[in-house]
Number of protein chains: 2
Amino acid sequence: MKTKITLKHIARELEVSISTVSKALKNSSEISADTIEKVQAFAKLYNYRPNNLAISLKSRRTNNIGVIIPDIVHYFFTTVFRGIEHYSKERGYNVIACVSDESLEKEVINMELLANGSVDGFIMALSAETQKKNHFDHLSQVRDYGIPFVLFDRVTDEIECDKVLINDQEAAFLAVKKFIENGRKKIALITTEDYFSVSKGRESGYRQALETFGLPVDEKLILRLPFTDLDNGKVDEFFNTHGIDAVICVNEIFAVHCMNLVQQKGVKVPEEMEFIGFTDGILSKYAKPGLTSMAQHGFKMGQVAAKMLIHRIENTQDEEEEPYRTEIIKSTIIERESTINGITVL
Amino acid sequence: MKTKITLKHIARELEVSISTVSKALKNSSEISADTIEKVQAFAKLYNYRPNNLAISLKSRRTNNIGVIIPDIVHYFFTTVFRGIEHYSKERGYNVIACVSDESLEKEVINMELLANGSVDGFIMALSAETQKKNHFDHLSQVRDYGIPFVLFDRVTDEIECDKVLINDQEAAFLAVKKFIENGRKKIALITTEDYFSVSKGRESGYRQALETFGLPVDEKLILRLPFTDLDNGKVDEFFNTHGIDAVICVNEIFAVHCMNLVQQKGVKVPEEMEFIGFTDGILSKYAKPGLTSMAQHGFKMGQVAAKMLIHRIENTQDEEEEPYRTEIIKSTIIERESTINGITVL
DNA sequence: TATTAACACGCAAACGTTTTCGTTGTATTT
DNA sequence: AAATACAACGAAAACGTTTGCGTGTTAATA
């Protein structure tokens with residue numbers, strides 16, 4: 001087992017000082033060409049690599065970014081993660097990934113753990129519990145220590161920081177508008193419990209569209225589902241009773257699940273009932289019929305979040321704090337067979 | 001902006017030495033009860049947290065695990081990742097996640113980067129390119145430095161190390177056996193290019209089952225698909241010409257895609273054609289009809305991999321090297337509507 | 001009263017870097 | 001010959017910990 005070689009080893013071997021070695025490796029003008037060559041040759045031969053820890057300790061910079069997401073087995077989050085990872089690597093940063101499991105406690109623990117020197121900044125989407133309990137002390141605390149962070153998708157108004165968002169409201173508005181243009185009258189919304197910022201936005205867009213185009217907002221046409229245990233009779237009854245002819249769902253699982261359900265009972269999609277989901281993931285693509293979906297462009301979202309964070313990390317030494325920014329990533333509609341698609345371009 | 005407090009600050013403030021503070025915080029018997037109390041009270045008041053970097057540098061232990069996977073937007077890998085993260089956190093380790101994007105070069109870069117002090121060990125699944133080119137120098141090199149690693153799912157025989165595997169061959173065998181018991185005669189296999197270790201194993205199990213039960217192995221019933229660009233005429237032709245009555249696919253995307261295709265042409269699933277896929281992911285669950293799938297239990301796989309790695313990390317100082325182990329995680333079949341399921345238990 | 005033991009604490013090295021500031025020795029200038 | 005300049009290098013502090021060992025003080029023992 002070869003042992004890792006350090007500056008000290010090179011110095012001893014070449015009978016020069018550690019500082020000389022360090023400078024030689026950086027092509028410092030203080031060092032003669034001879035020595036530089038000798039040192040670099042030796043370093044290359046023995047495959048010298050500087051110890052990241054020592055450099056980080058010295059420079060107070062880790063080049064690590066902490067990413068905390070509620071769930072990793074989730075198309076949207078992994079896509080964002082991919083964007084973050086991609087941009088970060090490009091800029092020489094590693095990504096430390098933590099899963100909060102939708103739990104406030106885990107979110108807090110993870111943050112505290114990483115905040116003590118492991119990470120230069122955070123990118124995160126708040127856990128369900130965090131949003132529900134409105135508890136953000138861990139965020140304020142991290143900020144007090146001068147560690148920057150960027151919130152994406154699941155955000156809060158109570159904390160001022162950089163944010164990356166979807167135009168949820170507008171996207172839902174456009175979806176409903178499309179239904180109305182297709183002549184639909186009984187447009188249902190299937191959403192989650194209302195403590196999610198994204199669900200709120202989408203619901204608001206839904207209501208706004210109905211009002212704008214003069215359709216009544218019927219609360220009975222809004223169904224709130226829990227995350228788990230979808231297959232109960234509640235959904236069945238919902239579809240049986242209200243004469244629904246179009247459905248907008250806040251995620252693709254709800255959409256595909258409901259689409260399957262109504263089809264089993266002989267409803268023709270899209271002829272008799274149209275569907276639009278959010279999150280253009282793998283399910284939307286392989287559903288039968290293919291699910292028209294509001295694509296959230298998670299990859300870009302991740303890139304933008306990483307860019308904002310790294311910018312802040314690298315400019316935080318400057319005296320004047322830049323104001324916080326909120327970037328909006330526009331959703332676009334991906335039309336498939338669950339809606340009737342005219343030739344008109346949106 | 002509060003600045004992070006260190007031992008030095010506490011020492012100065014309390015007019016004791018740094019070592020006293022350090023020892024007091026650890027309840028050392030060298031320190032008087034008075035001092036211990038004083039120090040701990042102060043530390044608590046000012047919310048002291050030791051700097052991870054300094055501790056790592058000193059102890060030569062980072063408590064970080066590097067995870068390198070080919071793709072994060074992939075149900076199986078993320079499930080494994082979740083298992084790794086879950087077990088690691090339990091044992092006080094963080095996870096640094098890197099995506100190789102199926103590229104050998106990125107795999108190498110990521111490993112080299114993390115091997116210089118950022119990580120105590122690796123868990124990885126080899127990239128497609130790595131398996132194709134049979135290039136493993138980066139693995140040998142990391143091992144030479146005494147950094148342990150565990151390979152999962154995408155492994156190689158050329159490197160001796162701890163491994164966690166699926167019983168691919170046996171699983172495929174069982175799938176084919178089920179078809180044969182259901183009276184199927186023309187059983188097709190849809191697989192990837194053959195440089196993937198998993199695909200190899202599954203193909204081998206497929207062949208073995210046919211031979212065992214006295215069915216001819218017809219090479220024309222084996223279709224090899226690339227990862228991308230599925231929707232070409234090749235698949236169509238395949239299903240048109242061979243009188244296929246059952247299909248086993250090495251992943252769920254192939255399965256759902258093909259199932260949709262044949263159904264569109266009026267084939268009844270499962271009556272006229274049965275389907276079994278690998279990877280019991282979200283697609284299998286929400287497909288129409290639900291896809292019978294060989295579940296790979298990625299979460300458990302991740303847990304086992306993390307357990308093996310941490311064990312090796314924490315016992316590596318011992319003189320005697322333990323022999324490398326290979327753990328097999330058994331697949332189980334999840335029966336849904338794409339197969340005809342008797343009452344008989346498998 | 002002199003010796004010893006226990007106690008409570010501090011010093012300093014170490015982990016592997018980077019960087020400022022000296023300190024040499026040689027060459028150039030006046 | 002003295003003063004100056006420069007080139008090439010080393011010493012040491014610093015980042016924030018941990019830890020073996022030395023030291024001073026007090027109390028217990030002979």
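Labels below follow one simple rule: chain letters A, B, ... track the order of the sequence lines, proteins then strands, and each chain is numbered from 1.
Within the 3.5 Å criterion, the main-chain N or O of Ser103(A) finds no donor-acceptor partner in the side chain of Asp101(A). Side-chain atoms of Arg154(B) come within 3.5 Å of backbone atoms of Leu126(B) as a donor-acceptor pair (strictly under, hydrogens ignored). Glu85(A) contributes a side-chain N or O that, together with a main-chain N or O of Val99(B), makes up a donor-acceptor pair within less than 3.5 Å.
Place Lys26(A) and Leu57(B) on DNA chain C by their nearest nucleotides, and Leu57(B) ends up nearer the 5' end.
Ring centers of Phe42(A) and Tyr46(A): under 6.0 Å apart, within the cut-off.
Each of Met308(A), Lys307(A), Lys163(A) was checked for a side-chain contact (heavy atoms from CB on, under 4.5 Å) with Val150(A), and the lone residue meeting it is Met308(A).
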Worked check of side chain to side chain contact (heavy atoms under 4.5 Å, CB included) between Lys4(A) and Thr6(A): CA-CA 7 Å; Lys4(A) 271 256 154 201; Thr6(A) 69; 5.6 Å; no
Footprint string (nucleotides 6-14 of chain C, 5' to 3'): B base within contact, S backbone only, - free, heavy atoms under 4.0 Å: --BBBBB-B
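Rounded to whole Å, atom P of dT18(C) lies 16 Å from atom CZ of Arg60(A). If you take CG of Leu53(A) and P of dT18(C), they are 13 Å apart, rounded to a whole angstrom.
Counting 5' to 3', DNA chain D first comes under 4.0 angstrom of a heavy atom of chain B and last does so at the ends given by dC15(D) to dC21(D).
Relative ring orientation between His74(B) and Phe77(B) is described as tilted, the plane-to-plane angle lying within the 30° to 60° band.
For the residue pair Asn134(A) and Glu158(A), a side-chain donor N or O sits within less than 3.5 Å of a side-chain acceptor on the partner.
Thr6(A) comes within 4.0 angstrom of the backbone, heavy atoms only, and of no base.
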